[in-house]
Structure formats: structure tokens, C-alpha cells
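Atoms considered below: every heavy atom in the structure, side chains included; atoms not considered: hydrogens, waters and symmetry mates. None of the values given here were measured: they were computed from a predicted structure. Throughout, a chain's letter reflects where its sequence line sits, starting with A, and its residues are numbered from 1.
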Amino acid sequence: MNTAADDFASRLLAWYDRAGRHDLPWMHPRTPYRVWLSEIMLQQTQVQTVMPYFERFVAALPTLPALAAASQDDVLALWSGLGYYARARNLHAAAKLCVERHDGELPRDPDALTALPGIGRSTAGAILAQAWGDRFAILDGNVKRVLARFHGVAGWPGTPAVEKALWLLAESHLPHERLADYTQAQMDFGATLCTRHDPACVICPLQADCVALRDGRVAELPTAKPSKPIPERHALLLLAEDAGQRVLLQKRPPTGIWASLWSLPEAADHETARAWFASHLQGDYDHAEALAPIAHAFTHYHVQLQPLRWRGLGLSAAVRDNDDLRWVARDELVSLGIPAPVRKLLLAVIPARSS
DNA sequence: AAGCCGGGGGG
DNA sequence: CCCCCAGGCTT
């Protein structure tokens, strides 16, 4: 069995001092707000992807009260391109709750923390350990992989039984000191040494006691998620420009894919598109220019988006600009939350204004 | 227990 | 082309 401050933790900490990452943006200064924001951004997202978004976000909204006071559109604009936009909506809602319930600060209590939207057990542990040095375990993808190999735990970690076993193992290794460093050490270790493909076992500080290495099962642990067929979908994107080269954007519904983001009006087929066009725009639907189709992949389905473009259009008199439908100039795109493939399309199609 | 929710990087 | 990544929420 493992003692509380066992070899596992002390070896990991020694490795971290030597080879870990000590200069990530959220470490300097390592405030609760910055730790929290980084942990939310890092959910299912790699460090290199997160860094520029983190810098931009804290520059615009440097404190929790500033985040709470921001508009949802501002928050989504800062998140635009990162994906999993529920994280941004939950972050924003949680900030408001902290202002209401916790005097504008992130609570240090684990139950109060987990009660906030977007913060589960692992994220709460990461925040508590890194922001205050409190003794809580994490169980993210890195830790799951390291523990599954080190202890030879088979079975996909997504199943409750395997996850429960891994939580117990994670807690069994917790040291009594340096919890912030230990937490970072685990993540750095999984991200840079005990990697999914081709881990550096030959220089691993845990190699002497790793069950997977001993049994030659490193490549097959952790057990992969069972794969399922991914459905293919199609949709039309309606790209209407007015005489000033502004594009008509529509706010998406608050649930579902790309919730609450601004995007091009979307239709399942030409019949639906034609009807929407007729009731909102003045012009000839059949005058559309078909642009190159866009292939976009989500985790659980793939979609082919066919953009149709019209120029010099006007809105029907009965429609007008409203809260869910706006003519947007190219310069305004940066201030809105827009799905990545749509943003890319618009920037490619709408010429930058020559100054 | 399974599905939903993005986008990018790597083999 | 496949898989995975500092997961959490909903059903």
C-alpha cells in the first residue's frame, strides 16, 4: 500500500523541480481567479491552445467582479474559437453567483466550489490545491493515464467503476506538503513524459514500480474509449451581404450546438432556406453564389456546410435589425462570439476595408 | 450509463 | 483517418 506522502508523490515532485513547467501564464500571479479561469479553459483543451486565449481574457476582464459585470456577448467573444462554449456561459454565471453569495470571491470550500456551474470534482480539486495549497486530488486525463499505467488498471476510465478506482488511487498518493506543485507536477508529467503515444519510460522516475511497464502493457493502457460510428450531416449557410458589405448574422438559440453564438442563418435544405429568405430578405434566392463547402468535425458528428452568398441585399421592411438578427461589418466580427468555421469563412469572403 | 458539447494537434 | 486533450452537465 501507499503511505500518505509516498514515493510516488516525492518522486513526482523531484521530477517536477527538474523538468516541470514553472512559467505558465496563470502561475504569475497565481490568484484564485486566474487559476479558476485557466482550469475551465484547460478542460478538454491543450495548454498551447489555451495560452493566447487566457492572456486575452485576463487582459480584458482581470478580476472576478469584472467578469461578473461583463455582457454575455463580451464573454463569448473572448471565448470565440476555444470551443465548448457552455464553459464560457457557466464561467460567467458562476462569477455572478460569487458576487451574490461569496462577496465577489471564489469560495475556498469544496462544496461551495463544486456547487458553481462548470466546476466538478476534479476542477474543484485543482483550484483548491493550486490557489490555496489545500489537500485535494485531481483526476483529469493526464492523471487517469498515469495511474492506469502505474497501477495496471484496465477498462475505459469513462466508466464509473474504473473512475472510482482511479479516484481512490489518486487520493492515496496525495502528499501533505506542496499541493500546488504536486498538482502541477501530475499534469506536466502526463502531458510531457507519460504521454498517450510513445511515453519516455526510459527516463521515467516511476519506472521501477510501474505495472504497465513491467508487464509490457504501456501501449494498451489506459484502455481506449469504445468507438462508435459518427453520423454525417449537411446544412446550408445563408451569407447575405448588404450594399456596404456587411453580413447578416443571427444569434443562435441558447441551447444546442454553438449556443448563443452569432452565426450565419442556417437551413437544412433549399426549401427551408428559400422560405426563410423570402420572409426576411429582399432579392432573388436563385441568384445565390455557391461557395466552397466547409467540412467541420464535432466530437459526435461531422457536418458539411454549404455557404450560399448574395450581395447587395436589404432586409424586408417587416424584419429590421433586432436582438437576434444584425447586419455586421467586418470590423465588428472581433467583438462577437462566432463559431470558428464561420469566422474563418467570413474573414476570407469579406475584404478588409482599405484605409 | 450514455449522450451532448468544439476545436486543434498528433500519429 | 483516427484518437485524444487540465471535464461537466443533462437525460
Side-chain angles (χ1 to χ4, degrees), chain A residues 20-21 24-27 35-54 76 79-91 93-94 113-127 129-130 137-146 155-164 166-167 170 180 182-192 194-199 219 222-231 252-261 263 294-303 337-344:
Chain A
R21 293 177 289 194
L24 296 172
W26 37 92
M27 297 176 172
V35 168
W36 171 41
L37 175 62
S38 73
E39 286 303 324
I40 301 302
M41 285 188 165
L42 287 161
Q43 288 172 358
Q44 301 298 97
T45 311
Q46 296 186 343
V47 168
Q48 292 304 320
T49 302
V50 162
M51 284 203 283
Y53 285 88
F54 178 86
L76 287 175
W79 210 271
S80 189
L82 249 192
Y84 282 131
Y85 299 93
R87 295 183 294 174
R89 289 182 278 114
N90 287 333
L91 181 82
L113 212 45
T114 312
L116 296 172
I119 301 180
R121 181 176 174 182
S122 185
T123 297
I127 294 170
Q130 295 189 88
I138 62 168
L139 190 63
D140 59 15
N142 287 314
V143 178
K144 286 175 180 173
R145 181 170 56 256
V146 171
W156 178 50
T159 63
V162 176
E163 186 167 340
K164 181 181 178 183
L166 293 174
W167 268 115
Y182 176 68
T183 300
Q184 188 64 44
Q186 293 174 90
M187 301 193 277
D188 286 2
F189 184 75
T192 67
C194 193
T195 51
R196 184 72 188 90
H197 299 284
D198 199 20
T223 307
K225 177 182 180 174
S227 63
K228 292 186 176 178
I230 295 180
R252 297 181 59 86
T255 58
I257 200 76
W258 294 332
S260 298
L261 269 61
S263 186
I294 300 166
H296 192 71
F298 297 104
T299 305
H300 51 300
Y301 68 92
H302 294 177
V303 63
I338 300 172
V342 176
R343 180 183 299 280
K344 183 180 175 186

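- Using modelled atom types, one side-chain atom of A:Q43 and one backbone atom of A:G118 make a donor-acceptor pair closer than 3.5 Å.
- At the heavy-atom level, A:Q184 lies under 4.0 Å from base atoms of the strands shown.
- Ring geometry for A:F298 against A:Y301 counts as tilted: the plane angle lies between 30° and 60°, on a 0 to 90° scale.
- When distances run from any side-chain atom of A:L24 to the nucleotides C:dC9, C:dC3, C:dA6, the shortest one goes to C:dA6.
- Both A:H197 and A:W156 lie near DNA chain B, and the one whose nearest nucleotide falls closer to the 5' end is A:W156.
- Relative orientation of the A:F54 and A:W26 rings is perpendicular, given thresholds of 30° and 60° on the angle between their planes.
- Rounded to an integer number of Å, the gap from CD1 of A:I40 to P of C:dC9 is 9 Å.
- Between the C1' atom of B:dG7 and the CD1 atom of A:I294 lies a distance of 14 Å, rounded to the nearest Å.
- Closest to the side chain of A:R196, from the set C:dA6, B:dG6, C:dC4, is C:dC4.
- Under the 3.5 Å distance criterion, the side-chain polar atoms of A:R252 are left unmatched by any main-chain donor or acceptor of A:S263.
- Contact between the side-chain N/O atoms of A:Y301 and the OP1/OP2 oxygens of B:dC4 is not found at any separation under 4.0 Å.
- As rounded to whole Å, 14 Å separates atom P of B:dC5 from atom NE2 of A:H302.
- Of the candidates C:dG8, B:dG7, C:dA6, B:dG7 carries the atom nearest the A:H296 side chain, counting heavy atoms from C-beta on.
- Residue contacts for A:G81: at a heavy-atom cut-off of 4.0 Å it reaches the sugar-phosphate backbone alone, with no base atom in range.
- In terms of position along DNA chain B, the nucleotide closest to A:A161 lies nearer the 5' end than the nucleotide closest to the other residue of the pair A:T49 and A:A161.
- When heavy atoms are screened at a 4.0 angstrom cut-off, A:G190 is found touching no nucleic acid atom at all.
- Scanning both residues, A:Y85 and A:P339, for their nearest heavy atoms gives OH-CA, 4.5 Å.
- One finds no side-chain N or O of A:R145 lying less than 4.0 angstrom from the OP1 or OP2 phosphate oxygen of C:dC4.
- Applying the 3.5 Å distance criterion, the base of B:dG7 shares no donor-acceptor pair with the side chain of A:T45.
- Residue A:S227 places none of its side-chain N or O atoms closer than 4.0 Å to OP1 or OP2 of C:dC2.
- Put simply, OH on A:Y84 and CZ on A:R89 are 13.0 Å apart, with the number rounded to the nearest 0.5 Å.
- Of the listed nucleotides (B:dG11, C:dA6, B:dG6), C:dA6 has the atom at the smallest distance from the side chain of A:R21.
- Between the CD atom of A:Q44 and the C1' atom of B:dG8 there is a distance of 13 Å, given to the nearest Å.
- Atom CZ of A:R89 is separated from atom C1' of B:dC5 by 9 Å (rounded to the nearest Å).
- Looking at the side chain of A:K228, the nearest of the listed nucleotides B:dA2, C:dC5, C:dC9 is B:dA2.
- You'll find that the side chain of A:P339 is closest to B:dG7, out of C:dG7, B:dG7, C:dC9.
- Here the C1' atom of nucleotide C:dG7 and the CD atom of A:Q43 are 5 Å apart, to the nearest Å.
- When the side-chain nitrogen and oxygen atoms of A:H300 are compared with OP1 and OP2 of B:dC5, one or more of them lie within a distance under 4.0 Å.
- When rounded to the nearest whole Å, the span between CZ of A:R343 and C1' of B:dG7 equals 13 Å.
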Evaluation steps, side-chain hydrogen bond (donor to acceptor under 3.5 Å, both in side chains), between A:T192 and A:R21: CA-CA 10 Å; A:T192 67; A:R21 293 177 289 194; over 6 Å; no

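- DNA chain C is contacted by both A:E39 and A:L116; A:E39 maps to the nucleotide lying nearer its 5′ end (nearest heavy atom per residue).
- The nucleotide B:dA1 finds its pairing partner in C:dT11, both defining distances of the Watson-Crick or G-U wobble pair being shorter than 3.5 Å.
- Between A:T123 and the phosphate of C:dA6, there is no side-chain N or O to OP1/OP2 separation shorter than 4.0 Å.
- Between A:R87 atom CZ and B:dG7 atom P the separation is 10 Å, expressed in whole Å.
- As judged by a 4.0 angstrom heavy-atom cut-off over every strand, A:V50 is placed among residues making no nucleic acid contact.
- At a cut-off of 3.5 angstrom, the base of B:dG6 holds at least one donor-acceptor pair with the side chain of A:T299.
- Spacing between C:dT11 and B:dG6 at atom P, rounded to whole Å, works out to 16 Å.
- Here A:F298 lies in heavy-atom contact (under 4.0 Å) with sugar-phosphate atoms only.
- Residue A:L82 is in base contact, counting any heavy-atom pair closer than 4.0 Å across all strands shown.
- Residue A:W79 is classed as having no contact, given no heavy-atom separation below 4.0 Å to the nucleic acid.
- Comparing C:dA6 with B:dG3, their C1' atoms are spaced 22 Å from each other, to the whole Å.
- In this structure, of B:dA1, B:dG9, C:dG7, it is B:dG9 that holds the atom nearest to the side chain of A:Q46.
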CA sep, side-chain torsions, deciding dist, call: A:W36, A:L113, side chain to side chain contact (heavy atoms under 4.5 Å, CB included): CA-CA 10 Å; A:W36 171 41; A:L113 212 45; over 6 Å; no

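- Contact annotation: A:W258 side-chain N/O to B:dG7 OP1/OP2 distance is under 4.0 Å.
- Residue contacts shown for A:A86 are absent, as no nucleic acid heavy atom lies under 4.0 Å away.
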